[in-house]
Protein chains: 2
Amino acid sequence: MVSDRSIGPDETNPGLVSAAIQAITQHIRVEGLGPGDLLPSEADMTRKLSVSRTVVREAFRSLSAMRLIDMSAGRRASVAKLDIGAMSMVIEHGVTTEQISIQQVYDVRRTIEMRTVALAALRRTDAEAADVQKCAQLMRENYRAPEIVMEHDIAFHEAIARASHNPVFSLIINAFSGVTRRTWVIGWRTRATEEEQIKMIEGHADIARAIIAGNPQLAAEHMAAHFDKSVKALIDAGIA
Amino acid sequence: MVSDRSIGPDETNPGLVSAAIQAITQHIRVEGLGPGDLLPSEADMTRKLSVSRTVVREAFRSLSAMRLIDMSAGRRASVAKLDIGAMSMVIEHGVTTEQISIQQVYDVRRTIEMRTVALAALRRTDAEAADVQKCAQLMRENYRAPEIVMEHDIAFHEAIARASHNPVFSLIINAFSGVTRRTWVIGWRTRATEEEQIKMIEGHADIARAIIAGNPQLAAEHMAAHFDKSVKALIDAGIA
DNA sequence: TGCCCAAAACCTGTATGACATGTTTTCTTG
DNA sequence: CAAGAAAACATGTCATACAGGTTTTGGGCA
């Protein structure tokens, strides 16, 4: 069981700090605050909750760590724009503590990205289509520099997620990019010959073309093929 | 863009606290710690990093808020088991600040759960199949009490995610359960007649049967139909 | 020796006060 | 009225203190 008696996001967890966190998130909800809106100062919260500044600070800091709020010296905290924040840390934590395998991550990515690419083919603007294509193009141009190819590869998938016009997909895919960075090179090295590496890059171009053509079916098929090859490469490299 | 210049999970963010957070996660990685393993005490960290206890505490507290570590009075912090933690808060934050719509959440859920249900049909143990069926059964037995039906509904989807044997799917689906709780009743009320409500519950039974039968194709189809009906219900209720 | 229990040592939770530094507001002055 | 200095306000970090929980230690008893 992943969440044995999960106490949920607004938990009643003993401790003043948890109560303070709850009070702050509730404040955001009740006041209907949106990204950029200012929160009460620490001193205000201290008075309102009748707890020490220590407690209020730890609460603010916690929300900041999850990127639910933005903090910076001298100015009050503000509601944050949607951001990977905590999500990527949760995923990375799961992988580094061996509670999640790379293969499992790839299965999830495959599932999600087959959908995002189909949505992208349907809903992309021309500018978004151009972004996607540009990433594929940059991969091709830099195919001798793995690190650079990797960054454009990641950017490619993020661009597709954006073109899907569903920020939740972007959120999740971005959350995986940290893990991807740690395994990408392994998959690349497994593609021994230059020919195979070029074929992999061309797979991205195929996906881009399908998006530009507005063909969701074809786009999803290319994406699936891409992931199948990637997973195979990782398995060949001995990654369980 | 969801992550404009995201500084990643191990960011170099000005501030001693961020550095401390990084030091702690790095400690986990370097020492190869797993769930339950103990971390250094705050005093140790204070010495090791040459910063005040305040800073170290805020770092620990931040990781605790993300549920990457467990803290409790008197004992040292320990590495946490995989948990929704921050993820559900990020999602809820996105919804309450209107950066994410309910419909977008449902699209993601549909995408993911069509996959989990197929995997569950393939990989379920008998015990897991029984769990799923039991949830469907409990929904039927309590169909006059919406709140109870809802809890079993959520449990139903979580049970399927577990049966998929991929904790990442469980993680994501669980992250959505908070939002689901806030919208479920709306969808239920839209199903005006008792007959329709029963039909909705029977949809779950169909899914359960397909899982028990080990038929991934059929299971996915039933799941898709279930989500299509749910989304329709929400749209009828005027939820954008 | 082996076990149990009390004291000590250790650890986290919270409060208070202080000061540095960054930001916003206010007021003065040209 | 505008520009700039000063004040007010905010967060970042540190030091210290003490309450209460947990683990370790060590002594005494069977």
Side-chain angles (χ1 to χ4, degrees), chain A residues 7 10-25 27-28 31 33 35-81 83 85, chain B residues 7 10-25 27-28 31 33 35-81 83 85:
Chain A
I7 22 186
D10 305 55
E11 64 261 33
T12 311
N13 205 2
L16 303 183
V17 175
S18 295
I21 290 177
Q22 197 176 337
I24 297 168
T25 58
H27 176 89
I28 294 175
E31 299 290 320
L33 301 187
D37 291 343
L38 293 181
L39 293 165
S41 71
E42 293 174 1
D44 283 348
M45 272 295 173
T46 293
R47 279 186 291 272
K48 201 175 309 185
L49 302 180
S50 303
V51 294
S52 71
R53 191 183 155 209
T54 307
V55 169
V56 171
R57 250 195 92 69
E58 289 187 9
F60 271 103
R61 186 63 89 169
S62 294
L63 292 170
S64 167
M66 291 186 273
R67 310 273 186 96
L68 302 191
I69 67 176
D70 290 323
M71 293 176 79
S72 70
R75 52 172 56 129
R76 275 151 60 198
S78 63
V79 176
K81 253 177 40 186
D83 185 282
Chain B
I7 23 188
D10 305 52
E11 64 262 29
T12 309
N13 207 2
L16 303 183
V17 176
S18 295
I21 291 177
Q22 197 175 339
I24 296 168
T25 58
H27 176 90
I28 294 175
E31 298 290 319
L33 301 187
D37 291 342
L38 293 181
L39 293 165
S41 72
E42 294 175 0
D44 282 349
M45 271 297 175
T46 292
R47 278 185 291 275
K48 201 175 309 187
L49 303 180
S50 302
V51 294
S52 72
R53 194 185 154 207
T54 305
V55 169
V56 171
R57 250 195 91 68
E58 289 187 9
F60 272 103
R61 185 65 85 171
S62 294
L63 292 171
S64 168
M66 291 187 272
R67 310 276 186 94
L68 302 190
I69 66 176
D70 290 323
M71 293 176 81
S72 71
R75 53 171 56 129
R76 275 152 60 198
S78 63
V79 176
K81 253 179 38 187
D83 184 281

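From a predicted model like this one, the values you see are computed outputs, not experimental measurements. By convention in this document, chain letters (A, B, ...) are assigned in the order of the sequence lines, proteins followed by strands, and residues within each chain are numbered from 1.
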How long is the gap from [atom1] on [X] to [atom2] on [Y], to the nearest 0.5 Å?
X	Y	atom1	atom2	answer
B/Ser62	B/Arg57	OG	CZ	11.0 Å
A/Asp44	A/Leu49	CG	CG	10.5 Å
B/Glu42	B/Ser52	CD	OG	11.0 Å
A/Arg47	A/Ser41	CZ	OG	6.0 Å
A/Lys48	A/Met45	NZ	CE	5.0 Å

Open item on the list: Between B/Arg76 (side chain only) and B/Leu39 (backbone N and O only), is there a donor and an acceptor less than 3.5 Å apart?
Closed with: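 Side chain of B/Arg76 to backbone of B/Leu39, a donor-acceptor pair under 3.5 Å: yes, one is there.
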Might you list the N or O atoms of the protein lying below 3.5 Å from N or O atoms in nucleotides 9-11 of chain D, with each pair's distance?
{"residue": "D/dT11", "atom": "OP1", "partner": "A/Glu42", "partner atom": "N", "Å": "3.4"}
{"residue": "D/dT11", "atom": "OP2", "partner": "A/Glu42", "partner atom": "N", "Å": "3.0"}
{"residue": "D/dT11", "atom": "O4'", "partner": "A/Gly74", "partner atom": "N", "Å": "3.2"}

Open item on the list: In whole Å, I'd like the distance from the CG atom of A/Leu16 to the C1' atom of D/dG20.
Closed with: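 Distance check: A/Leu16 CG to D/dG20 C1' gives 13 Å.
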TODO: Check every nucleotide of DNA chain C for an atom under 4.0 Å from a heavy-atom of chain A, then give the first and the last such nucleotide from 5' to 3'.
DONE: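 Counting from the 5' end, contacts occupy C/dT14 to C/dT24.
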Task: Heavy-atom closest pair, residues B/His27 and B/Leu33 - done: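 Heavy-atom minimum between the residues: CD2-CD1, 3.8 Å.
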Task: Partner set under side chain to side chain contact (heavy atoms under 4.5 Å, CB included) for A/Ala59, not counting sequence neighbours - done: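 Once residues adjacent in sequence are excluded, the partners of A/Ala59 under the side chain to side chain contact (heavy atoms under 4.5 Å, CB included) criterion are A/Val17, A/Ala20, A/Ile21, A/Ile24.
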